[in-house]
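For ligands, and for the atoms within them, numbers begin at 1 and follow the listed sequence. Just so you know, these numbers use all the heavy atoms, side chains as well, and skip hydrogens, waters and symmetry mates.
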Amino acid sequence: MFNKLRLWKNQNNSSTLRDKIEAIKKLPVPEHVAIIMDGNGRWAKKRALPRIAGHHEGMKVVRKTTMLANDLGVKTLTLYAFSTENWKRPKNEVEYIMKLPEEFLGTFLPELVENNVQVKMMGYKDQLPVHTLHAIEKAMEETKHNNGLVLNFALNYGSRAEIIDAVKQVLNDSKSGILKENELDEQVFSSYLMTSEFADPDLLIRTSGEIRLSNFMLWQLAYSEFWFTDVLWPDFSEEHLLEAIEVFQKRQRRFGGIL
Ligand code: V07
């Protein structure tokens, strides 16, 4: 009886997930979803585990989220994995986090390739350990011809530094005559940012109850929809991503109704 009940419940649950996915696919899906994956340390603390256990659990959620975003037809998924401020954390924690890209790719790269996912990275590469950078560059190379979801990791990324660097490049190009003052507009300025190859995010998700941007894509998020949740990143499930996208679609429809 118990087994039967469980079976029934499982089937029922998974069919609602499938139904939700199908319903979402009938409406416009955000082309670019960006996520601030916060709350890994807190998740671990609640379980009396070391912070690194939370980061490791969070990595598994990256995989699930990527696969669902790909199924939904999201074009770009940008994940804030490590900020320029995160170096202030304890040395052993930083060292552990910097091994996660290798572990993730060692385990999941074949699956990403199978599913036509293209791996990308944005952020300041110079300060990254060589082992981390090598693993990511190898994955970028191996997936560069894939034309499914673009999985873009923001790693050692900071938005103000990105904007300053763009301004410096603009000044250089102005000095050398490549760019005239009257040619500089929002679109041209965007082309100087690290995100030049991507469209602006349509939807920003932040987990773990903090209602702030923390130096993430300040320019690019100017017109994006925001969805915040108290759920900690390791507890973020398919249901949560679907809910965020449902909310996005409802807001779009309302917007469309007024116009
Ligand atoms: C990191 C796990 C997710 C929660 C947030 C912090 C810890 C996957 C990657 C990754 C990065 C590049 C890549 C493949 C995978 C990753 C860092 C941290 C630095 F090509 N998870 N994850 N990178 N966490």
Proximal atoms of ligand 1 relative to Met37 (non-hydrogen, under 4.0 Å): 3 (C), 4 (C), 5 (C)
Tyr80-Asp38 side chain donor-acceptor pair, cut-off 3.5 Å: no
Carboxylate-amine/guanidinium proximity below 4.0 Å for Glu93 and Arg89: yes
Atom 19 (C) of ligand 1: nearest protein contact (heavy atom, Å): Ile97 CG2, 3.5 Å
Side-chain donor-acceptor contact under 3.5 Å, Glu102 with His134: no
Contact atoms of ligand 1, heavy-atom distance to Gly58 under 4.0 Å: 2 (C), 3 (C)
Qualifying residue, where the test is ring-ring contact (aromatic ring centres under 6.0 Å, His included) with Phe82 and the options are Phe153, Trp87, Phe216: Trp87
Note: Glu95-Lys91 ion pair, threshold 4.0 Å (strictly below): yes
Enumerated ligand 1 atoms positioned under 4.0 Å from heavy atoms of Phe104: 14 (C), 15 (C)
Shortest reach to atom 8 (C) of ligand 1 by a heavy atom, considering only Phe82, Trp43, Phe153: Phe153
Part of Asn40 within contact of ligand 1 (heavy atoms, under 4.0 Å): side chain
Numbered atoms of ligand 1 (with element) below 4.0 Å of Trp233, judged on heavy atoms: 4 (C)
For atom 23 (N) of ligand 1, the protein heavy atom that lies nearest, with its residue and separation: Pro101 CG, 3.5 Å
Salt-bridge contact Glu142-Lys138 (side-chain N to carboxylate O under 4.0 Å): yes
Any donor-acceptor N or O pair under 3.5 Å, side chains Gln118, Thr143: no
Closest candidate by heavy atom, reference atom 17 (C) of ligand 1, pool Ala81, Gly123, Ala139: Ala81
Where ligand 1 meets Val62 - atom numbers and elements under 4.0 angstrom, heavy-atom basis: 3 (C)
Proximity of Leu105 to ligand 1 by residue part, where a heavy atom lies under 4.0 Å: side chain
Closest protein heavy atom to atom 1 (C) of ligand 1, given as residue, atom name and distance to 0.1 Å: Leu100 CD1, 3.8 Å
Mode of Val119 contact toward ligand 1 - side chain, backbone, both, neither (heavy atoms, under 4.0 Å): side chain
Under 3.5 Å donor-acceptor, Ser83 side chain and Gly158 backbone: no
SB check Lys20 Glu243 (cutoff 4.0 Å): no
Met121 heavy atom under 4.0 Å from ligand 1: no
